[in-house]
Amino acid sequence: MNYWLMKTEPTAYSWDQLLRDRKTNWDGVRNYQARNNMKAMEKGDGVLIYHSIVGKEVVGLAEVSRTYFPEPNCDNPQWVAVEISAKSSLKKTVKLDDIKSNPILIEIALLKQSRLSVMPITHEEYEEIIRMSEN
DNA sequence: GCCAACGTTGGC
DNA sequence: GCCAACGTTGGC
């Protein structure tokens, strides 16, 4: 089982919307590195959902419910989507500022590669963010 | 709104 | 294959 962090701009597609939809096809990724990360996802992998631009915080917990498939309605078969299912809202959102000031999270890809929208995180990083959300 | 950090494109 | 120019992301 692997762990991931996926970014979304809440003005485009929010965590609340994912809760209402229960699950969604995560598509529109047009970056090779992010695409390759999506291809590496396995069913049941843990996903943290992060709101970029507005909020700048980790807001919810989801899981991969379908591994990658060619993006629907896309001419170019190289781009893929995965299906993500909402699991639960974090009791307390975890702010980017708090991630930055946590020494356990100093190496997290969110900070190292700020532009990447789909990134792997370690089990330790995943657990630490969940722990922070429970305080 | 600015700009740093990347990624992509295209001329050579 | 190099690299300058340009585009995009996302924090500030």
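Lettering of chains follows the sequences in order, A, B, ..., and the numbering in each one begins at 1.
OP1 or OP2 of C:dG11 lies within a sub-4.0 Å distance of a side-chain N or O belonging to A:Tyr50. Under 4.0 angstrom from either OP1 or OP2 of C:dG10 there lies no side-chain N or O belonging to A:Lys56. Checking the phosphate oxygens (OP1, OP2) of B:dA5, no side-chain nitrogen or oxygen of A:Gln113 falls inside 4.0 Å.
Distance A:Arg30 CZ to C:dT9 P: 11 Å, rounded to the nearest Å. Look at CG on A:Asp97: it is 10 Å from C1' on C:dG11, rounded to the nearest Å. Between A:Arg35 atom CZ and B:dT8 atom P the separation is 10 Å, expressed in whole Å. Regarding A:Met119, its CE atom lies at a distance of 11 Å from the C1' atom of C:dG10, rounded to whole Å. Rounded to an integer number of Å, the gap from A:Leu5 CG to C:dT9 C1' is 15 Å. Summarising the geometry, the separation between NE2 on A:His51 and P on C:dG11 is reported as 12 Å, rounded to the nearest angstrom. Between the P atom of B:dG7 and the CH2 atom of A:Trp79 lies a distance of 13 Å, rounded to the nearest Å. Atom CD1 in A:Ile53 sits roughly 11 Å away from atom C1' in C:dT8 (whole-Å rounding).
Checked against B:dG7, C:dG11, C:dG10, the side chain of A:Ser117 finds its nearest nucleotide in C:dG10. Considering only the side chain of A:Tyr32, B:dT8 comes nearest among B:dG7, B:dT8, C:dG10.
Of all heavy-atom pairs between A:Trp26 and A:Met38, the closest is O-CE, 3.2 Å. A:Lys39 and A:Val80 get closest at one heavy-atom pair: CE-CG1, 3.9 Å.
Clustering ILVMFWY residues whenever any of their side-chain heavy atoms sit less than 4.5 angstrom apart, transitively, puts A:Ile84 in the very cluster that holds A:Trp4.
Taking CE from A:Met119 and CG from A:Leu110, the interatomic distance works out to 5.0 Å, rounded to the nearest 0.5 Å.
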